[in-house]
> 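Quick one: structure below, then a few questions.
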There are 2 protein chains.
Amino acid sequence: MHRPRTATIRDVAALAGVSVGTASKALNGRGSLRADTIARVRQAADQLDFHPNPAARSLHAGRTYTVGMITTDTIGRFSIPLLIGAEDTLGAGQMSVLLCDARDDPIREQQHLRTLLGRRVDGIIVTGRRAGTRPPLAATAGVPVVYAFLASSSPDDCSVVPDETGAARLAVDHLLTVGRRRIAVVTGPAHHHSARVRSAATIERLAEHGLEPVTPPLHGEWSESWGRQGVGLLLGRRAAFDAVVCGSDQIARGAADTLREAGRRVPQDVALTGFDNWDVIALASRPPLTSIDMDLEGLGRAAAELLLRAIEGDPSPGVHPHPAKLVIRDSTVQA
Amino acid sequence: MHRPRTATIRDVAALAGVSVGTASKALNGRGSLRADTIARVRQAADQLDFHPNPAARSLHAGRTYTVGMITTDTIGRFSIPLLIGAEDTLGAGQMSVLLCDARDDPIREQQHLRTLLGRRVDGIIVTGRRAGTRPPLAATAGVPVVYAFLASSSPDDCSVVPDETGAARLAVDHLLTVGRRRIAVVTGPAHHHSARVRSAATIERLAEHGLEPVTPPLHGEWSESWGRQGVGLLLGRRAAFDAVVCGSDQIARGAADTLREAGRRVPQDVALTGFDNWDVIALASRPPLTSIDMDLEGLGRAAAELLLRAIEGDPSPGVHPHPAKLVIRDSTVQA
DNA sequence: ATGAAAGCGCTAACAG
DNA sequence: CTGTTAGCGCTTTCAT
């Protein structure tokens, strides 16, 4: 095999006129060496553009300074900010990230897991769009795992999830602040965890203020089309409402379109809140949407920090909710 | 350091009652061994769930079976399918992918490059949204590099890019097929490479059919808002047009909204083509958009294949265009 | 303060 | 056919 001749510590030692052991110590600040020896070695290393071979280092240290990131469903809109956030703090911790896309296929997931363990990663982050919980990864041979966005069903595992109840409260409180009292809910499929959690939290928060929604929550797809239909239903029922809490930005955008076409002004007649703060949708909407931002990038960072800590031997089992924030735009407050 | 006691080849050899050398040969199919010896070793390996330590293997082979993927702008809508495609074929080639997000920052890019080279990756894929060309990566110490989506400005490098001219032709030919002759172009910023290439190719193709656009191409943002404005301009000028080639799905969707609100039927009165086939936009549009799909996932796969080949010592310098395809929906053909 | 040598886990020559 | 041995590049005792 034609090995690209990179400088080795031998070369550095030779150039500096010391033994490899001394060179190693000089470069790693171990042992006690004369200052000028250290300087000489450093200079030699610079001159040769020496970078220690990570394979050799790993072989000795038993660590790879690498973590695996495995997205159970295909990498998508939700995983990306998570990836970015995690990659960011892991990189700061000198860790590199191996990316695995399981495409919603348990077999692929299993293969990727084997690959990662085979590569002796120091830790694993599991993400995915699927709401709620998922079964924990099969045997990970003592390698620390953190679940991000979705939670492991085992409470012994460490999971970081968006605080969806807190998020729903943010939306309700904001609508109350801008004077709305007759609030409707149009959200995603009834069987969908996020849809249920969000609408339950919304209702609960309303109740705390002595209110209830003008109709039971309307469930449908996570689509603009359903947003249009849902609001169409509300209009058809001649329900009196001055705000709609929507389960996603897409639903909210559909709602905005239908309201406008029906001659209702947003936000003067009806205020709208979205969810996800997905810029493409929220900003293109007429008017732009007030929306809940789950801070997925921050969530990814949080997950990475917990993983780093776990790798250092300090695990944090349990489910850790990550706070959301409200981004206010014209769909609730007149420009 | 507390090393997780994974089985080593020594353990396997001991259990099988052979020497490590023999065990190695048995597991790698080298040399010539008795069938039952091989079987015994295999069984021992299975029993101990033995996986060769990749650090040791790398140390010996001088390869890491790892490639770096570095996205120059932040990971986004365009990079993801590329990532997925590349990860897919690299994984099939036993390669893992180290992900680096440079966030449009040359300094971060440089750091990531150093990290990747420091980790001795076998190859690098560079992607990014920025259109057109980019300066080649600084010294890569002989590590093969493939540029995907954007091209390196050096012709000695290997780049895989979408065939945007071919793509524009697909759109024009389709519009002609459905009987349109008075075609307008509304696209992105004039300084943007894709916008220029796409509209130039559109005009050229029209010319080959003895036609020209009803007005010079209209340039603006890559946004729905500009799509609405652009079509507003066309309507205001009382230009007679029966089709609009839009530079992106967002522009096309904006165009569709304005046309509908102006009482023009899509596609009966005006046909629309989008670009990117971004489902969230193209499907939510009323009507759903006929759009050009650059097959980014396939492009990522192609890039990965070229990289694998380059790693094997068979580089393919030059710019390799990757064909696009047309996805026909209701904005050009009545449902 | 420095050097010599062992060993991390594996593969590939070379002996037998 | 199988075993022994010498590295791959680095860190770390242990001598000196």
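Letters go in sequence order (proteins before strands), and every chain restarts at 1.
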> Of all the nucleotides listed (D:dC10, C:dG3, C:dT11), which has the minimum atom distance to the side chain of A:T22?
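Nucleotide nearest to A:T22's side chain: C:dG3.
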
> Indicate whether OP1 or OP2 belonging to C:dC8 is found under 4.0 Å from a side-chain N or O atom of B:T8.
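Looking at the OP1 and OP2 atoms of C:dC8, neither is under 4.0 Å from any side-chain N or O of B:T8.
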
> Let me know the distance between NZ of A:K25 and P of C:dA4, rounded to the nearest Å.
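Spelled out: NZ on A:K25 to P on C:dA4 is 11 Å.
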
> Roughly, in whole Å, what's the span from CG in A:N28 to P in D:dC10?
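It works out to 10 Å between those atoms.
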
> Whole angstrom is fine here: how far is it from CZ in A:R119 over to C1' in C:dC10?
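Result: 16 Å.
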
> So, OP1 or OP2 of D:dT12: does either fall under 4.0 Å of a side-chain N or O from A:R30?
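Answer is yes, contact under 4.0 Å.
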
> Starting from P on D:dC8, measure out to CG on A:D11 and report it in whole angstrom.
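From A:D11 CG to D:dC8 P: 11 Å.
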
> Does D:dT2 have OP1 or OP2 under 4.0 Å away from a side-chain N or O of B:S19?
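No, no such contact exists.
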
> Would you say B:F149 and B:P162 make side-chain contact, with heavy atoms under 4.5 Å?
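Yes. Closest side-chain heavy atoms under 4.5 Å.
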
> Whether B:T37 contacts D:dT2 is assessed here as follows: a side-chain N or O lying under 4.0 Å from the phosphate OP1 or OP2. Is that the case?
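Looking at the OP1 and OP2 atoms of D:dT2, one of them is under 4.0 Å from a side-chain N or O of B:T37.
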
> What integer distance in Å separates A:H60:NE2 from D:dT13:C1'?
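To the nearest whole Å, that distance equals 10 Å.
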
> Give the rounded distance in Å between these two atoms: CG of A:L48 and P of D:dG9.
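These atoms are roughly 14 Å apart.
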
> Using OP1 and OP2 only, check whether a side-chain N or O of B:R10 sits under 4.0 Å from C:dG9.
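No, no such contact exists.
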
> Output the rounded distance in Å from CZ (A:F50) to C1' (D:dC10).
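Answer to the nearest Å: 8 Å.
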
> If each of B:A23 and B:R120 is mapped to the nucleotide of DNA chain D with the nearest heavy atom, which maps nearer the 5' terminus, i.e. the 5' end?
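Final value for this comparison: B:A23.
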
> If only side-chain N and O atoms of B:N53 are considered, is one of them under 4.0 Å from the OP1 or OP2 phosphate oxygen of C:dC8?
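No, no such contact exists.
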
> Which one, C:dT2, D:dT2, D:dG9, comes nearest to the side chain of A:A56?
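Shortest atom-to-atom distance from the side chain points to D:dG9.
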
> Given C:dG3, D:dC8, C:dA13, identify the nucleotide with an atom nearest to the side chain of B:L59.
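That would be D:dC8.
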
> Is any side-chain heavy atom of A:L137 closer than 4.5 Å to a side-chain heavy atom of A:I124?
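In short, these two side chains touch, coming nearer than 4.5 Å.
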
> Between A:R57 (CZ) and C:dC8 (P), how many Å, whole number?
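Checked: the CZ to P distance equals 19 Å.
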
> Counting only N and O atoms by type, is there a donor-acceptor contact under 3.5 Å from the side chain of A:S153 to the main-chain atoms of A:R134?
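Here the side-chain-to-backbone pair exists.
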
> Side chain of B:P52 only, heavy atoms from C-beta on: which candidate in D:dT11, C:dA1, C:dC10 is closest?
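When the side chain of B:P52 is considered, C:dC10 is the closest of D:dT11, C:dA1, C:dC10.
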
> For B:T72 and B:R103, test the side chains for any donor-to-acceptor distance below 3.5 angstrom and give the result as yes or no.
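The criterion, which ignores hydrogens and geometry beyond distance, is not satisfied for B:R103 and B:T72.
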
> Is the shortest heavy-atom distance from the side chain of A:L98 to the side chain of A:M69 under 4.5 Å?
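Heavy-atom side-chain distance check fails, nothing below 4.5 Å.
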
> Hey, does B:I9 reach any base, or is it just sugar-phosphate, or nothing, if we go heavy atoms under 4.0 Å?
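Since only primed, P, OP1 and OP2 atoms lie under 4.0 Å of B:I9, the category is sugar-phosphate.
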
